[in-house]
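First comes the structure, then the notes that go with it.
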Protein chains: 2
Amino acid sequence: MTKKSKRAETEKTDMLDEEAFSSICKALAHPARIRIVSFLKKMNQCICGEIVETLPLAQSTVSQHLKVLKNSGLIKGEIEGPRTCYCIDYDMLEKFKKMANKI
Amino acid sequence: MTKKSKRAETEKTDMLDEEAFSSICKALAHPARIRIVSFLKKMNQCICGEIVETLPLAQSTVSQHLKVLKNSGLIKGEIEGPRTCYCIDYDMLEKFKKMANKI
DNA sequence: ATCTTTAATCGTTTATCTACGATAAACGAT
DNA sequence: ATCGTTTATCGTAGATAAACGATTAAAGAT
């Protein structure tokens, strides 16, 4: 490895990827989505309907929020017949925390 | 202190305030604002014009981003004659990190 | 008093977000 | 094959965000 590429490596690990970090922040930039993440953490995993019950929002709205969280990579959703079972993606959550601590 | 209020206290410290956390996330939900915060951290403090120079954005746009960050409490701005000197509010930044680690 | 510099605000356009009801899709059960 | 349940998507309305140029405000310099 050249000196230059080594420094580039170091910079890469030290540096915060603004796009990556801001995009996760954006996914968390709504109280309902924070509540969803907290609830999923507490429940370990659960289906959409259970999440809908805990929020004062229409099912379609909750589904949209879940989509935003899923697109950010913070949660995963697995289709099980007519239901979808959601859970936290802890890898991504840890990545977020690491980036948050770097800022 | 009653048992109940003690538990309320504990819950309060353990619990994440969704509104507070999501509102800071919202302030950080744009790459330009992440870059501003990073730059301010590196520079310790600097005037608006220096920040404008580092970004590919119009002065008015940068000013708007600074306003968002200031409203979130993450940065402070002090007027010094015709200039404004900005710096990080480390209390708020630490608060954010604490909240991020709780999620 | 006028000029210059610096930063905030205004006004506008375009894009994105939030919320909802309605509808569609998927699938198990009957 | 039809029904009921569950969730995603569509369509829409209103609100908020992002970007810019133009203008205003503040204050030091001439």
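Chain A is the first sequence line, chain B the second, and so forth, proteins listed ahead of strands; every chain is numbered from 1.
- For the segment residues 59-79 of chain B, residues with any heavy atom less than 4.0 angstrom from an atom of DNA chain D are, sorted by number, B:S60, B:T61, B:Q64, B:H65.
- Closest to the side chain of A:C48, from the set C:dA19, D:dT7, C:dT6, is D:dT7.
- The CG-P distance, from A:L57 to C:dC17, rounds to 17 Å in whole Å.
- Counting only Watson-Crick or G-U wobble pairs whose defining distances are both under 3.5 Å, the stems of 3 or more consecutive pairs in DNA chain C are C:1-30 with D:1-30.
- Between A:K26 and A:E80, the residue whose closest nucleotide on DNA chain C is further toward the 5' end is A:K26.
- When all heavy atoms are compared, the tightest approach of A:A27 to A:L69 is O-CD2, 3.8 Å.
- Checking side-chain atoms of A:R83 against main-chain N and O of A:G49 turns up no donor-acceptor pair under 3.5 Å.
- Close to C:dA8, at under 4.0 Å from its OP1 or OP2, lies a side-chain N or O of B:T84.
- Across C:dT6, C:dT18, C:dC20, the shortest atom-to-atom separation from the side chain of B:R83 is found for C:dT6.
- Separating the CD1 atom of B:I47 from the P atom of D:dG28 is a distance of 14 Å, rounded to the nearest angstrom.
- The CG atom of B:L28 sits 14 Å away from the P atom of D:dA17 (whole-angstrom rounding).
- Identified under the side-chain hydrogen bond (donor to acceptor under 3.5 Å, both in side chains) test for residues 62-75 of chain A, with sequence neighbours left out: A:R33-A:H65.
- Regarding A:E50, its CD atom lies at a distance of 14 Å from the C1' atom of D:dT5, rounded to whole Å.
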Practice problem: Evaluate the side chain to side chain contact (heavy atoms under 4.5 Å, CB included) criterion for residues A:L28 and B:S22: first the C-alpha distance (whole Å), next the side-chain angles of each, then the deciding distance (0.1 Å), finally the verdict. | Solution: CA-CA 6 Å; A:L28 293 173; B:S22 64; over 6 Å; no
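- In the set D:dG21, D:dA19, C:dC27, the nucleotide with an atom closest to the side chain of A:P82 is C:dC27.
- A:L40 places none of its side-chain heavy atoms less than 4.5 Å from the side chain of A:Q45.
- Between A:Y86 and D:dT6, a side-chain N or O to OP1/OP2 separation shorter than 4.0 Å is absent.
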Practice problem: Show your reasoning for whether side chain to side chain contact (heavy atoms under 4.5 Å, CB included) applies to B:I75 and B:C87. | Solution: CA-CA 6 Å; B:I75 71 172; B:C87 63; over 6 Å; no
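- A:K97 contributes a side-chain N or O that, together with a main-chain N or O of B:I103, makes up a donor-acceptor pair within less than 3.5 Å.
- Atom pair B:I34:CD1 and D:dA18:P shows a separation of 12 Å (rounding to whole Å applied).
- Shown here for A:C46 and A:F39, the closest heavy-atom pair between the two residues is SG-CE2, 3.6 Å.
- Not a single donor-acceptor pair under 3.5 Å links the side chain of A:E94 to the backbone N or O of A:D91.
- Each of C:dG28, C:dA7, C:dT18 was ranked by its minimum atom distance to the side chain of A:R33; first place goes to C:dT18.
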